[in-house]
Amino acid sequence: MKTKILGTTTEEIEEAARILADGGLVAFPTETVYGLGADALNAEAVAKVYAAKGRPSDNPMIVHISSKDDLKALTVEITEDMEKLAEHFWPGPMTMIVKRRSVVPDVTTGGLDTVGVRMPSAPEALELIRRAGCPVAAPSANLSGKPSPTCSSHVIEDLSGRIDAILCGGQCQVGIESTVIDMTGEQPMILRPGILTRGNFEQVLGKTVLLDPTLNRRPGRGAEEKLIPKAPGMKYKHYAPKAEMIVFEGNAENVRRAMEEEREARRQAGQKVCMLFFADGEQRNAAHDLFALLRQADQDGANVILASALTEQGVGFSVMNRMLKSAGYNIKKV
Ligand code: TXA
Ligand code: MG
């Protein structure tokens, strides 16, 4: 298949929208990461997304809308809390899990009776969805297992020849995927952390927001209990660079020294080393850069990536969720 490379002029967005409306696949920029879109209500189109990404078919997709009002068409019940969150955080990097209406096909929700809905804020995304005239199912536009794409070259690298078109905008502002919050239980629960944190939601709702207990799991910290994450996508190997990756945890001084020693030893052994230093004061930059840096390390032919951990608080918690998965929980405490 020849993949059309499009820019973001009105004509090009219109062309991309027509492809979506006709059941085709278009990758497009959002403020979080690039998405791979299909008409969410067209089962055949959505099935092609799983094939293009090599994605397990039990992993549900987020349905993207271009106006808050479009939520009504997808869910039976809109609670006061859902209204508050939509009012505060849409358009933006928040996905709400809600009870689905039957218009949403099984293939879009991986057979669940709930659906994830998000109104992105990137203007090209909103314009594309609005012009397509349908809600747009879109997982991140990477091959399954690879780091999410934060610029158009990442999408071209992964999906060229596998989809109809790529709408090429600039770099994504946020850099990690949306916060997923489940609104179907007694209490709201975060299933995937993102740039919007538990604190942000608690402030708006004036009540406690839970964290999926599997989010605090890692080897040696309760991984032995067989907890299953509520977001099916969180159980898969994810975001993995080709290189081996080690995350160094401890006070900044010790971490720097240990990383430098490790670099020396690896170099002696003839390996190419990539060093990633992240700082607690710059969590948003870390979120913005992480996936792009992992892809760059692979491109540079690194054998091993050495990364410094962030404190798991606020946005740092969300970045660490991605970083530890990328490293396959290969952690060195120093
Ligand atoms: O920022 C984002 O959310 C990006 C952009 C493109 O919008 N999209 C994205 O989609 O990250 P994806 O498919 O890579 O991740 C969706 C996550 C998965 O972990 C999936 O299991 C979970 O959301 N999810 C989707 N629908 C769900 C549902 N009904 N119940 C529980 N988890 C759900
Ligand atoms: Mg993804």
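Heavy-atom basis, side chains included; hydrogens, waters and symmetry copies ignored. Residues: numbered from 1 along the sequence shown. Every number for a ligand or one of its atoms is a count from 1 in the order of the listing.
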Item checked: Protein contact of atom 30 (N) of ligand 1 - nearest heavy atom, named by residue and atom, plus distance -> L112 CD1, 3.6 Å
Next item on the list: Check ligand 1 against G35 and write out every atom of the ligand that is under 4.0 Å from a heavy-atom position of the residue.
Entry: 6 (C)
Next item on the list: Give a yes/no on ligand 1: does H64 have at least one heavy atom closer than 4.0 angstrom to it?
Entry: yes
Checklist line | Nearest neighbour of atom 29 (N) of ligand 1 from the list D113, V63, T114, D212, on a heavy-atom basis | finding: T114
Note to self: At less than 4.0 angstrom from any non-hydrogen atom of E177, what atoms of ligand 1 do you find?
What the structure shows: 1 (O), 2 (C), 11 (O)
Note to self: Looking only at protein heavy atoms, which one is nearest to atom 19 (O) of ligand 1, and what is the separation?
What the structure shows: G233 CA, 3.4 Å
Note to self: Using modelled atom types and a 3.5 Å cut-off, is there a donor and acceptor pairing between side-chain atoms of E31 and backbone atoms of A122?
What the structure shows: yes
Notebook entry, point to check: Considering residues at least two apart in sequence or located in another chain, which fulfil the salt bridge (charged side-chain N to carboxylate O under 4.0 Å, His left out) criterion with E202?
Noted result: R198
Next item on the list: Determine, using heavy atoms of T109 and all atoms of ligand 1, whether some pair is separated by less than 4.0 Å.
Entry: no
Check: Out of curiosity, K48 NZ to N42 CG, how far, rounded to the nearest 0.5 Å?
Finding: 7.5 Å
Next item on the list: Just jot down the ligand 1 atoms closer than 4.0 angstrom to any heavy atom of P232, in number order.
Entry: 21 (O), 31 (C), 32 (N)
Next item on the list: Tell me which protein heavy atom sits closest to atom 20 (C) of ligand 1, plus the residue, atom name and distance to 0.1 Å.
Entry: N59 OD1, 3.3 Å
Checklist line | Any K146 side-chain heavy atom under 4.5 Å of E157 side chain | finding: yes
Checklist line | Least distance between heavy atoms, P120 atom then I129 atom | finding: CG-CD1, 3.9 Å
Margin query: One thing to verify: whether D158 and R295 come together as a salt bridge, which I'm taking to mean a side-chain N less than 4.0 angstrom from a carboxylate O.
Written below: yes
Next item on the list: Report yes if the side chains of W90 and L71 come closer than 4.5 Å at any heavy-atom pair, otherwise no.
Entry: yes
Margin query: Please report the interatomic distance CG(L293) to CZ(F277), rounded to the nearest 0.5 Å.
Written below: 12.5 Å
Next item on the list: Classify the contact between R192 and ligand 1 as side chain, backbone, both or neither, using a heavy-atom distance cut-off of under 4.0 Å.
Entry: side chain
Next item on the list: Kindly state whether the ring of Y239 and the ring of F291 have centres lying under 6.0 angstrom apart.
Entry: yes
Check: Counting backbone and side-chain atoms alike, does S140 have an N/O/S atom under 2.8 Å from the Mg ion (ligand 2)?
Finding: yes
Checklist line | For S140, atoms of ligand 1 separated by under 4.0 Å from a heavy atom | finding: 8 (N), 9 (C), 10 (O), 12 (P), 14 (O)
Check: Between M119 and H64, is any pair of side-chain heavy atoms under 4.5 Å apart?
Finding: no
Note to self: How far is atom 28 (C) of ligand 1 from the closest protein heavy atom, and which atom is that?
What the structure shows: I97 CD1, 3.5 Å
Check: Where is the nearest protein heavy atom to atom 23 (O) of ligand 1: which residue, which atom, and how far?
Finding: V180 CG2, 3.9 Å
Margin query: Assess whether a salt bridge exists between E261 and R257, defined as any Lys/Arg side-chain N lying under 4.0 Å from an Asp/Glu carboxylate O.
Written below: no
Next item on the list: For A138 and ligand 1, answer yes if some heavy atom of the residue is under 4.0 Å from a ligand atom, otherwise no.
Entry: yes
Next item on the list: Identify, for atom 3 (O) of ligand 1, the protein heavy atom at the shortest distance, and state residue, atom and that distance.
Entry: S178 OG, 2.5 Å
Check: Quick one: does M1's side chain get under 4.5 Å of D164's, heavy atoms only?
Finding: yes
Margin query: Just to confirm my output: which protein heavy-atom neighbour is closest to atom 22 (C) of ligand 1, and how far is it?
Written below: A231 CB, 3.9 Å
Notebook entry, point to check: Considering only heavy atoms of K230, which atoms of ligand 1 have at least one such atom less than 4.0 Å away?
Noted result: 31 (C)
Checklist line | Selection from A141, P60, G116 by shortest heavy-atom distance to atom 33 (C) of ligand 1 | finding: P60
Check: Side chain or backbone of R55 under 4.0 Å from ligand 1, or both, or neither, by non-hydrogen atoms?
Finding: side chain
